[in-house]
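Proteins come first, then strands; the chains are lettered A, B, ... in the order of their sequence lines, and each starts at number 1.
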Amino acid sequence: MASLPSLAISGTPHKLDADVRKLSPASVPLEKRLSYQRSPPTADGGREASVQPLDAREALALLREGTGVESAFYVPLLQQCIETRSLPDAQVIHAHIIKTGTHEEAFISTSLVDVYMKCGAPHHARKLFDTLPQRNVVTWTALITGYVRNSEPENAILIFVRLVESGCYPTNYTLGAVLSACCALYSIELGRQVHGYMVKYGIESETSMGNSLCSLYSKCGSLESSVKAFRRIPNKNVISWTTIISACGDNGDTELGLTLFADMLSEDVEPNEYTLTSALSLCCMVQDLSLGKQIHSFCIKFGCESQLPVKNSIMYLYLKCGEIDEARSLFDEMDTVSLITWNAMIAGHAQMMNLAKDDMAAHHSGFEAFKVFQKLNRSGMKPDLYSFSSILTVCSGLLAIEQGEQIHAQTIKSGYLSDIVVSSALVNMYNKCGCIDDATKAFVEMSTRTLISWTSMLTGYSQHGRSKEAIQLFEDMRLVGIRPNQITFVGVLSACSHAGMVDEAEYYFNMMKNEYGIKPVMDHYACMVDMFVRQGRLEDAFAFVKKMDFEPNEIIWSILIAGCRSHGNVDLGFHAAERLLELKPKGIETYILLLNMYISAERWQDVSRVRKLMKDENIGSIRDRSWISIKDKVYFFRANDRCHPQSAEMYALLESLLQKATCLGYVPYKSVELSDKEDEENSVGSAAATHHSERLAIAFGLINMTEGTTIRVVKNITMCRDCHNSVKFFSILTKREIIVRDSKRLHRFRDGRCSCGDFGALLL
DNA sequence: CGCTCATAAT
């Protein structure tokens, strides 16, 4: 972006020329002009045309032939140009205007500037403007407004500076347009300066100006300034209220937003459809269905429930609050839908996928999102950046790489890949699907990179065990001047941990605290503890935990216990387990870890103690689920599942693989039986061999997928170390790349190694 | 009065 000038407010004392009419030439009689207005004169309005209105099309045809028309026709002709957005027509008219010398009349040339701008030709407008003998504040304003319209806010600002320098007085129209330019530039500094001009000209208290300021500050991310601007508006109208309420939503202060909505009602300001949709969106954010329903009834009361945006909001409210059937029937009842309707459906299902506790539910939601996306494509409407970013999130969640690739192609074709959110979602999708090279490619090809895209890529490298690249990326990011956040540092520290770079980890940990003033949270400590544990430095790990200024949580203890188990320090493990049990952990995986530890040590009393605690704490039964997607079908597996027709083949394959693996040195770990009751019924009379769900899914993939293709499996809980170890052998024996994404991380098995660093601290 | 400026849903 070109550097922008400062808008010095000092200098010649300006006074707002309140009466713009003085500047307006009246060479064409008012009544003549009126007769060419778009709306036909009404019978009772007394606006009889003094010149017989000539059809604008006919007039334009005459001009094209070179025949002149009366100069009074220029206004409707230009009006017609705006409607058709036809640049050539504008040029024809322009030529005639010059021929007749009419361009010296300021209002005609102002119209021409406006027409060029509305035809998307700012260059033509500017060229004309620069040669004008006469220009007034309206002409200047038309140019500024036009630049904003054509997404050239820098030029709008530069023209405003020239306007001020030329001694012209800006009007409220002018300052409103300049404020829009500041908004487009997200420049709160420029905005404040324009605010200064408004104060100076005494128009700050005008409602529309206050509203604009309120909106500007909100869009620039300062809710505080926005609220201040709002409070200073003496005569707040419904727009003022709507602006501040939606500002609260945009800036994440739902509580204040809802309070202000209540204030508005108690001050007897009647909300309109804009206000109500904003309020509904606040209810969505806090998932408050009962409040949402009240606002729904307001919509009916104020008669705007039939408006599409309102319908969209209400549908989205039900969807976000989990009332899928209600949302669905509202959707089906809609006779007209907009792209936003489709997008709301996709985004709603995508969110449900992410929040679903149950993996079956998650998958179902994701699948619904795909169905909606498909229907959108067939409806004749074109997906936009919102559709693409939502559906790419769904692909990430389901590891649906085939669909993801198709959508990638569609984003290129439609041009939406240039959008920062879409391209970030694409990087994320490839990372989550285990395609680090495609992610890198997508990242490199981005036109601009934000904190989110850098962090996403960095985390991708880190999760794939490519620590050097992750850290290199971090340094590049700092070099470009992007300020890392908390999440970025989680990526950096986990990369260090992965590669055993203890000194670097400590260096970055301190950098985070001292240079960036970011307070370390549990995740950061978890990375550090994980690192010491990986190194077998259990004492250092425990010492680090003692340094924390909060109590270790379930995650920290789990890492310590898993580490003790891996490094055979059973006593320390038992000690840590006692501390963990005092916390009454919530996560089912924590219990499996503890059970596994006690089972390996054959401490059966502790095993039954943990099982009892699980019952007391109402920890549900252990459900082990995996799924694999082949073509457009998804196949689910449970532990020891024998439901599938190919079961016999799958079990035989697993047996033979395990046998071969044993020859290569595979030793099974004893681990907890993961079948739940439902599964046990199904596996009555089954062979002795037990398999967790991911092994079944992998076997299914090996049988049904073309040789050499990558196998991608999603698992709902963390892999156990026995499965992890055996899959490493499978990758050698079958010469396949196998990707398992479990609830904690991504495992990419290749040639007997796993990208997680072959270390079990994050395994059960 | 030729710039028609300010608010919403994904």
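No option in A/Phe331, A/Tyr316, A/Tyr386 other than A/Phe331 meets the ring-ring contact (aromatic ring centres under 6.0 Å, His included) test with A/Trp342.
Taking side-chain N and O atoms only, A/Lys118 has no distance below 4.0 Å to OP1 or OP2 of B/dG2. Distances shorter than 4.0 Å separate some side-chain N or O of A/Arg149 from OP1 or OP2 on B/dT4. Close to B/dA8, at under 4.0 Å from its OP1 or OP2, lies a side-chain N or O of A/Ser246. Between A/Thr110 and B/dC3, a side-chain N or O to OP1/OP2 separation shorter than 4.0 Å is absent.
Ranking B/dG2, B/dA8, B/dA6 by closeness to the A/Ser215 side chain, first place goes to B/dA6. Of all nucleotides listed (B/dA6, B/dT10, B/dG2), B/dT10 comes nearest to the side chain of A/Tyr386.
One can place OH of A/Tyr147 at 17 Å from P of B/dC3, the figure rounded to the nearest angstrom. Following rounding to the nearest Å, A/Ile108 (CD1) and B/dC3 (P) show an atom-to-atom distance of 11 Å. Taking atom CG of residue A/Asn172 and atom P of nucleotide B/dT4, one finds them 13 Å apart after rounding to whole Å. Residue A/Glu305 contributes atom CD, which lies 22 Å from atom P of B/dA8 at whole-angstrom precision. Rounded to a whole Å, the CG atom of A/Leu179 is 10 Å from the P atom of B/dT7. Rounded to whole Å, atom P of B/dA6 lies 10 Å from atom CG of A/Asn211. The CG atom of A/Leu276 sits 14 Å away from the P atom of B/dA8 (whole-angstrom rounding). To the nearest angstrom, P of B/dA8 lies 18 Å from CD1 of A/Ile314.
For A/Ser379 (side chain) and A/Leu376 (main-chain N/O), a donor-acceptor pair under 3.5 Å exists by modelled atom type. Checking side-chain atoms of A/Thr207 against main-chain N and O of A/Asn235 turns up a donor-acceptor pair under 3.5 Å.
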Review item, side-chain donor-acceptor pairs of residues 140-153 of chain A, under 3.5 Å, at least two apart:
from: A/Thr141; atom 1: OG1; to: A/Val137; atom 2: O; distance (Å): 2.6
from: A/Thr141; atom 1: OG1; to: A/Thr174; atom 2: OG1; distance (Å): 2.9
from: A/Thr145; atom 1: OG1; to: A/Thr141; atom 2: O; distance (Å): 2.7
from: A/Tyr147; atom 1: OH; to: A/Arg126; atom 2: NH1; distance (Å): 3.1
from: A/Asn150; atom 1: ND2; to: A/Met117; atom 2: O; distance (Å): 3.1
from: A/Asn150; atom 1: ND2; to: A/Gly146; atom 2: O; distance (Å): 2.9
from: A/Glu152; atom 1: OE1; to: A/Asn155; atom 2: ND2; distance (Å): 2.7

Could you give the side-chain donor-acceptor pairs of residues 213-221 of chain A under 3.5 Å, partners two or more places apart or in another chain?
from: A/Tyr217; atom 1: OH; to: A/His195; atom 2: ND1; distance (Å): 2.8
from: A/Ser218; atom 1: OG; to: A/Asn251; atom 2: ND2; distance (Å): 3.3

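The shortest side-chain heavy-atom distance between A/Asn377 and A/Gln410 falls under the 4.5 Å cut-off.
For residues 219-233 of chain A, proximity to DNA chain B is found at A/Lys219, defined as any non-hydrogen atom under 4.0 angstrom from a strand atom. Listed by residue number, A/Ile340, A/Asn343, A/Ala347 are the residues of residues 318-347 of chain A with a heavy-atom contact under 4.0 Å to DNA chain B.
Ring planes of A/Tyr416 and A/Phe388: tilted class, angle from 30 to 60°. Between A/Tyr197 and A/Tyr201, the two ring planes are tilted [angle within 30° to 60°].
Under the side chain to side chain contact (heavy atoms under 4.5 Å, CB included) criterion, A/Gln374 pairs with A/Arg378, not counting sequence neighbours. Taking the side chain to side chain contact (heavy atoms under 4.5 Å, CB included) definition, one finds that A/Leu256 meets it with A/Leu223, A/Val227, A/Cys248, A/Asp253, A/Leu260, sequence neighbours left out.
Nucleic acid contact for A/Ser313: sugar-phosphate only, since backbone atoms but no base atoms lie under 4.0 Å from a heavy atom of the residue. A/Ser208 comes within contact range of at least one nucleobase, with a heavy-atom separation under 4.0 Å.
Here the separation of B/dC5 from B/dC1, taken at their C1' atoms, is 15 Å to the nearest Å.
Taking a centre distance below 5.5 Å and an interplanar angle below 30 degrees as the stacking criterion, A/Tyr173 does not stack against the six-membered base ring of B/dC5.
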